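Here is the structure we will look at.
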Amino acid sequence: MHLDPRHLPTWILGACSVHTKSVFLTSGPGTWEHFRTTLSKGPAGEGPQVPDKETKATMGTENTPGGKASPDSQDVRPSVFHNIKLFVLCHSLLQLAQLMISGYLKSSISTVEKRFGLSSQTSGLLVSFNEVGNTALIVFVSYFGSRVHRPRMIGYGAILVALAGLLMTLPHFISEPYRYDNTSPEDMPQDFKASLCLPTTSAPARTHSNGNCSSYTETRHLSVVGIMFVAQTLLGVGGVPIQPFGISYIDDFAHNSNSPLYLGILFAVTMMGPGLAFGLGSLMLRLYVDINQMPEGGISLTIKDPRWVGAWWLGFLIAAGSVALAAIPYFFFPKEMPKEKHELQFRRKVLAVTDSPARKDKDSPSKQSPGESTKKQDGLVQIAPNLTVIQFIKVFPRVLLQTLRHPIFLLVVLSQVCLSSMAAGMATFLPKFLERQFSITASYANLLIGCLSFPSVIVGIVVGGVLVKRLHLGPVGCGALCLLGMLLCLFFSLPLFFIGCPSHQIAGITHQTSAQPRPELFPSCMEVCSCPSDGFNPVCDPSTHVEYITPCHAGCSSQVVQDALDKSQVFYTNCSCVAEGNPVMAGSCDSTCSHLVVPFLLLVSLGSALACLTHTPSFMLILRGVKKEDKTLAVGIQFMFLRILAWMPSPVIHGSAIDTTCVHWALSCGRRAVCRYYNNDLLRNRFIGLQFFFKTGSVICFALVLAILRQQDKEARTKESRSSPAVAQQLLVSGPGKKPEDSRV
């Protein structure tokens with residue numbers, strides 16, 4: 001899939017992402033019915049080679065007198081798993097759990113970076129490997145679609161997803177306990193005294209983290225990172241059969257009138273997956289990472305401390321367990337089940353009121369001439385079952401180039417690539433951006449995103465579909481709606497450049513005269529100290545709001561613990577580098593503009609909803625922009641481009657842009673590890689600027705689409721006006737209020 005997954009402009013913000021990834025599956029039951037029917041046929045002209053699935057499923061009841069089942073086919077009462085409604089319920093829960101485990105890494109990306117010393121570029125590459133595994137094998141889903149036991153394949157894929165989730169937690173269990181003060185010796189308990197200003201003569205007694213480096217340490221680090229990359233790849237591979245096989249299975253055995261309703265329920269439940277992932281991340285990151293092996297005497301950190309690392313691995317355990325439980329029923333569903341015979345009662349009542357003669361004409365079997373029937377077999381999808389893999393690979397480039405010659409199709413796909421690139425970057429790094437820009441905790445950032453952004457994405461998709469249906473928009477109308485939605489999205493993105501917090505004043509980093517950062521601001525006041533260059537235990541001078549990397553860099557030689565009602569506050573005193581020798585508080589300085597995070601996220605959510613307005617109309621433009629027999633292939637090509645050009649490279653691009661704004665890197669064995677301080681103004685301008693760039697690209701593509709559609713519409717009207725009077729008279733007789741069938745989407 002994905003929606004994720006991704007699941008699924010979303011994110012769209014993780015969610016629109018998810019929905020965009022599965023867009024090729026939402027073309028309606030007609031596409032899948034047509035695809036299923038063609039798969040059951042042999043070479044052109046030979047007719048069906050095997051009985052149709054519906055024929056197989058009902059053969060036992062229709063070929064016996066009185067419609068009763070034959071003894072061979074109905075010896076026992078049908079199992080409870082011969083029920084398509086139960087399958088819809090199980091599949092909704094499975095896709096919900098799958099998208100939750102796929103999106104969970106995005107909610108804890110900054111925590112994983114701190115725990116294992118990763119740059120944003122590396123973490124973005126880690127997220128992209130989910131798409132690598134998925135994209136590499138998705139083509140086989142279409143090739144082997146109806147030749148396998150689909151429920152079992154879904155179950156096997158879900159088990160692989162659960163195992164990949166468990167594998168993601170392995171680095172936690174094979175790594176040593178997290179040491180938030182890496183200047184302390186390994187045989188001593190972690191405390192604040194390890195980073196005090198000690199006399200220079202005591203310098204050899206310190207144990208620096210770089211002094212403990214060895215080839216074994218580097219190998220262990222590479223092994224841990226490699227395990228996570230393998231786990232992400234397997235997570236993508238396991239998700240390959242889940243959504244395509246599930247949707248085709250529902251469409252095959254559900255009543256034709258019920259299939260759209262079932263798919264709507266499926267997508268509605270699935271869209272909650274990314275939101276639950278961020279909610280789960282918010283809960284888990286409030287727990288300390290080594291909750292299963294806490295040091296004696298506890299820890300001195302609070303959740304607001306920049307060195308805090310939450311229990312990121314616990315969420316993977318919970319999500320993997322949910323996927324494993326949801327996979328169990330699939331091993332009991334049959335390969336084929338009797339097709340649902342009855343329309344849902346409440347749906348029948350609704351259609352009885354809203355049904356129209358046009359709908360009846362549309363639903364009635366259409367008569368096809370032999371020429372039309374033969375023409376349907378011309379598409380690559382129709383002849384694919386008769387081709388070998390080598391033949392398919394040889395013919396695919398030619399068909400791909402032929403499809404890309406459609407200007408509407410190409411421009412709409414490029415616009416969706418821009419939107420998906422924006423969604424992938426936002427879904428991956430928005431939690432970290434909020435955490436760094438507004439000095440809030442990772443838990444609070446995930447809570448805000450889960451409560452505000454993902455619901456807005458769902459609303460945007462639904463409203464876009466309702467507008468297309470209610471306004472009866474044609475291709476020109478769909479193009480105009482897409483352009484309007486993206487222009488409004490671009491407009492509401494402009495204030496984001498100006499809503500943010502200034503960078504913290506870090507002594508020796510932001511207060512410096514030279515271009516190269518140095519570890520101290522006042523060298524003379526630290527002459528008696530021996531401060532480790534890689535230490536990190538930030539303290540804040542409340543009078544000047546200047547932050548120091550460690551108490552040693554502030555020249556502090558003692559500490560005082562003051563007990564309060566609910567917590568204890570640590571102060572450092574005798575600080576030679578602080579004005580008037582004032583005591584400093586443990587922890588980073590509080591931000592003066594943290595309250596701006598809610599208005600910022602509201603604007604982001606509004607922009608996401610406006611971008612998601614384009615989802616349904618842009619997809620309809622793709623369906624109307626290619627030949628009827630090439631629709632399924634065109635949607636598959638669209639899906640391939642979204643994966644390769646957007647979801648795979650975008651997290652790496654955004655991560656690299658974030659890394660360029662770092663002003664102080666942590667060092668691990670001489671290599672650059674996680675970034676400790678960013679230039680907030682640069683971070684905001686480059687992150688939002690990259691989003692603005694992709695939105696602008698989408699606006700340009702939709703503007704060209706609308707211009708081409710208007711030109712085509714103008715040419716069609718001119719051609720119609722020059723037609724013969726007889727044809728014009730025939731059109732007038734048919735009724736002035738009747739709209740051409742092809743003009744509706």
Side-chain angles (χ1 to χ4, degrees), residues 100-101 103-120 122-123 126-127 165-186 188-192 194-195 209 212 217 220-221 223-229 231-232 277-321 431-432 434-436 440-447 534-538 567 586-588 666 668 673-676:
M100 185 168 64
I101 194 173
Y104 180 76
L105 178 62
K106 299 178 177 66
S107 69
S108 55
I109 197 73
S110 62
T111 302
V112 173
E113 288 178 7
K114 283 192 286 187
R115 178 64 181 92
F116 299 106
L118 305 180
S119 64
S120 294
T122 304
S123 61
L126 180 63
V127 172
L166 294 178
L167 188 61
M168 277 294 296
T169 67
L170 185 60
H172 167 75
F173 294 101
I174 65 176
S175 300
E176 294 183 352
Y178 170 62
R179 295 190 173 274
Y180 52 81
D181 189 350
N182 55 15
T183 63
S184 62
E186 294 187 3
M188 290 179 58
Q190 302 180 58
D191 54 30
F192 290 96
S195 54
S209 61
N212 297 327
T217 304
R220 183 176 58 187
H221 173 78
S223 301
V224 165
V225 176
I227 288 174
M228 290 192 291
F229 274 93
Q232 281 295 105
F278 279 84
L280 181 63
S282 177
L283 293 176
M284 295 301 103
L285 296 183
R286 297 182 65 87
L287 305 175
Y288 185 62
V289 60
D290 291 323
I291 191 174
N292 60 323
Q293 45 183 351
M294 294 287 287
E296 295 183 6
I299 58 173
S300 304
L301 294 183
T302 63
I303 190 174
K304 294 184 179 180
D305 195 294
R307 297 171 297 168
W308 173 272
V309 172
W312 62 273
W313 54 274
L314 194 55
F316 277 110
L317 282 182
I318 296 174
K432 177 177 180 177
L434 297 179
E435 180 183 350
R436 296 289 186 163
I440 61 176
T441 64
S443 175
Y444 184 50
N446 287 327
L447 181 63
D534 57 345
F536 186 60
N537 180 13
K567 62 180 180 179
S588 295
S668 177
V674 65
C675 181
R676 286 175 174 160

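FYI, the numbering just counts along the sequence from 1. Since we're looking at a predicted model, the values are computed, not measured.
In this structure, the side chain of R307 does not engage the main chain of G587 through any donor-acceptor pair within 3.5 Å. Between the side chain of K114 and the backbone N or O of P306, at least one donor-acceptor pair lies under 3.5 Å.
Within 6.0 Å of CZ on R220 lie more than 12 heavy atoms contributed by other residues, nucleotides or ligands.
Taking each heavy atom of A442 and L285 in turn, the nearest pair found is CB-CD1, 3.7 Å. Of all non-hydrogen atoms in W312 and R115, the two that sit nearest each other are NE1-CG, 4.0 Å. Closest approach of G281 and N446 over heavy atoms only: C-ND2, 3.8 Å. In terms of heavy-atom proximity, V289 sits nearest to Y178 at CG1-CB, 3.8 Å. Between M100 and A277 the shortest heavy-atom distance is O-CB, 3.3 Å. Shown here for G117 and H221, the closest heavy-atom pair between the two residues is O-CE1, 4.4 Å.
Residues that satisfy the side chain to side chain donor-acceptor pair (under 3.5 Å) test with S110, not counting sequence neighbours, are E435. Considering only residues two or more places apart in sequence or on other chains, T122 meets the side chain to side chain donor-acceptor pair (under 3.5 Å) condition with S119. Judged as a side chain to side chain donor-acceptor pair (under 3.5 Å), and not counting sequence neighbours, T169 has no contacts. For Y444, the ring-ring contact (aromatic ring centres under 6.0 Å, His included) test picks out no residue, with sequence neighbours left out. Scored by the side chain to side chain contact (heavy atoms under 4.5 Å, CB included) test, L167 finds L170, I227, V230, A231, L234 as partners (sequence neighbours excluded). By the side chain to side chain donor-acceptor pair (under 3.5 Å) test, H172 pairs with N292, W313, sequence neighbours left out.
Atom-to-atom distance recorded for K432:NZ and S108:OG is 12.5 Å, nearest 0.5 angstrom. E113 CD to L126 CG: the interatomic distance, rounded to the nearest 0.5 Å, is 9.5 Å. Note that the CG atom of D305 and the OG1 atom of T441 stand 12.0 Å from one another [nearest 0.5 Å]. Atom CE of M168 and atom CZ of F229 lie 10.0 Å apart (nearest 0.5 Å). A distance of 11.0 Å separates CD1 of I101 from CD1 of I318, quoted to the nearest 0.5 Å. Note that the CG atom of D290 and the CZ atom of R179 stand 10.0 Å from one another [nearest 0.5 Å].
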Quiz item: How far apart are the C-alpha atoms of L317 and L166, what are their side-chain angles, what is the distance that settles it, and do they pass the side-chain contact (heavy atoms from CB on, under 4.5 Å) test?
Solution: CA-CA 6 Å; L317 282 182; L166 294 178; 3.6 Å; yes
Quiz item: Can you list the steps and then say if M284 with T111 is a side-chain contact (heavy atoms from CB on, under 4.5 Å)?
Solution: CA-CA 11 Å; M284 295 301 103; T111 302; over 6 Å; no
